2 protein chains.
Amino acid sequence: MPAPISGNAAEPSLDTGLSATPAFSPLYQQIKGLILQRLQAGEWKPGELIPSEIELAARFRVSQGTVRKAVDELAGENLLVRRQGKGTFVATHTEQHVRYRFLKLVPDDGDLIREGPAQRAFLECKRTRASAEIARALGLRSGDAVMQVRRVLSFAADGGAQTPTILEDLWLPGGPFKGLTAERMAGFRGPTYALFETEFGVRMVRAEEKIRAVLPDADQAGILQVAPATPLLSVERVAYTYNDTPMELRRGLYRTDTHHYRNDLS
Amino acid sequence: MPAPISGNAAEPSLDTGLSATPAFSPLYQQIKGLILQRLQAGEWKPGELIPSEIELAARFRVSQGTVRKAVDELAGENLLVRRQGKGTFVATHTEQHVRYRFLKLVPDDGDLIREGPAQRAFLECKRTRASAEIARALGLRSGDAVMQVRRVLSFAADGGAQTPTILEDLWLPGGPFKGLTAERMAGFRGPTYALFETEFGVRMVRAEEKIRAVLPDADQAGILQVAPATPLLSVERVAYTYNDTPMELRRGLYRTDTHHYRNDLS
DNA sequence: GAGTGGTCTAGACCACGCG
DNA sequence: GCGTGGTCTAGACCACTCA
């Protein structure tokens, strides 16, 4: 139980060699950092209950209000989930009441009902070596081992027939994802990121997407059952775990004839 | 200076006819509502300094901490901007150090420098009547007066030549935007939403976008100087002012050969 | 130095979930 | 009824801005 600072009021934390700016950091930020460390270290695992504010306050030798502000920020970043009367939990993709937290493609008719969590078909799951481009995105070196997955998501149209709507290629660093197979992915109930959490201990925290309009090649058009001249959304995503470490590169092709990519700006 | 509640602790606010649930609302939420009212009423205008926390606390008969929490939330929603040592200001699109807060199209080479705030050409600005579709999006009735604007944004390519990249059609309710002309828009320095603020008193607070991949018609292809078979991003935006009132419908076509739509997920 | 927002504390009470 | 997070208060001190 490290006492993060000495006095009562905040002080410039550790002195970094060149102290151009004293780099004042509020106490609650330091507490936030300490909590983050424990999350990264896997001390508190996704879905688990973390110590109560009062206990954390005692442990860190600060007031409950200071812990509260640290936890507030972490909850705002979707790393923790507060539940009044129960406690504070490590956020998870498993039972996140919003399934598909990162999937912004929604049916045109505002039906959020999501007719069954989409049908997934895994076309490929192989171990390969990272190209320069893939390596750069994942923070690896060219030639490093990576897992490559290709899958198709189909959504039920009006009649109930499944329409292939998303074609995705995933690249994952070979180390953490050793042992990933199409069978394991196909057999898993729930979001892919939930599988990554429970089976590989990798929790995706945030992601960046680059979106373009493109035409599919013959292969892609065939898989998505569209004419070659059909414009599609190209969605390139890099997903990060704790500490801004990239852990997934994903290239998706979205049909937008019955769905659209929805984004809220503020 | 209305005292929002009677006692010391929070109480269920006004009793709504059917009191199925007492609808408990924290004090700071009520304060937030009161501040919002004043913002909507234009009592504090964009860019202006609002009263200090201490004065607001006195005015509302609550503690500074309660005002602080209300202001914190409003700042989080980009309605207010806090500046330490100076005060709290009403947010504005004018000098928002991030120009183009709602424009997510960025050059492929991560250069955020934004080579000159884009060159704008206004092709049209006319008063028309709302179609059923436009009316629905803007919360009007079919046939109501609307302003319709068509413009092209061009960005400098490597050499320095301007490349037409965005073709946008805007629809605005005729009432608030009476007197809008292409000349006024062309002559205005700064973001369009800043013009709306200073010239028409309409402040855009948030927006929703629906994105698809499409092919341009002959007209559109000509304006954007692309082949007819070039896939483009279709970005349909509804922008809202206070109180979730829609005030703009915007349909954009984005070229994505040198730029991409960037989105951060968390 | 005065005024503003920012941090930190300590204590009280409330709403919620659960046994 | 207990423990949790949620709200509210009052007061102290710190960091920043500007005259």
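FYI, side chains are in, hydrogens and waters are out, and symmetry mates aren't considered; it's all heavy atoms of this structure. All chains are named by letter (A, B, ...) in the order of the sequence lines, taking the proteins before the strands, and each is independently numbered beginning at 1. Just so you know, these numbers come straight off a predicted model, no measurement behind them.
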Whole Å only: how far is the [atom1] atom of [X] from the [atom2] atom of [N]?
X	N	atom1	atom2	result
Q64(B)	dT4(C)	CD	P	10 Å
K86(A)	dC18(C)	NZ	P	4 Å
Y28(A)	dC14(D)	OH	C1'	13 Å
I54(B)	dT9(D)	CD1	P	15 Å
Q84(A)	dC14(C)	CD	P	14 Å
D72(A)	dT7(C)	CG	C1'	14 Å
R61(B)	dT9(D)	CZ	C1'	15 Å
F24(B)	dC16(C)	CZ	P	8 Å

Drop me the distance from Y193(B)'s OH to F200(B)'s CZ, to the nearest 0.5 angstrom. 14.0 Å
Can you tell me how far CZ of R262(A) sits from CG of D108(A), rounded to the nearest 0.5 angstrom?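 Going from CG on D108(A) over to CZ on R262(A), the span is 12.0 Å.
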Any carboxylate oxygen within less than 4.0 angstrom of a Lys/Arg side-chain nitrogen, looking at E199(A) and R184(A)? yes
Most 5' of V67(A) and G85(A) on DNA chain C, judged by nearest nucleotide: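 The residue mapped nearer the 5' terminus is V67(A).
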Quick one: does F155(A)'s side chain get under 4.5 Å of H259(A)'s, heavy atoms only?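 They are in side-chain contact.
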Compare the minimum distances between each of dG5(C), dT9(D), dT7(D) and the side chain of S52(B), then state the nucleotide with the smallest one.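 It is dG5(C).
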If you check every side-chain atom of T66(A), which of dT7(D), dC8(D), dC8(C) has the closest atom? dC8(C)
If only side-chain N and O atoms of R83(B) are considered, is one of them under 4.0 Å from the OP1 or OP2 phosphate oxygen of dT17(D)? no
Closer than 4.0 Å, any side-chain N/O of S63(B) to the OP1 or OP2 of dC8(D)? no
Pick out which of E208(B), M247(B), E248(B) makes a side-chain contact (heavy atoms from CB on, under 4.5 Å) with Y240(B).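 Result: among E208(B), M247(B), E248(B), E208(B) is the only option passing the side-chain contact (heavy atoms from CB on, under 4.5 Å) with Y240(B).
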Confirm from the modelled atom types if R68(B) and dG5(C) form a donor-acceptor pair under 3.5 Å, side chain to base only.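 Side chain to base: no pair present.
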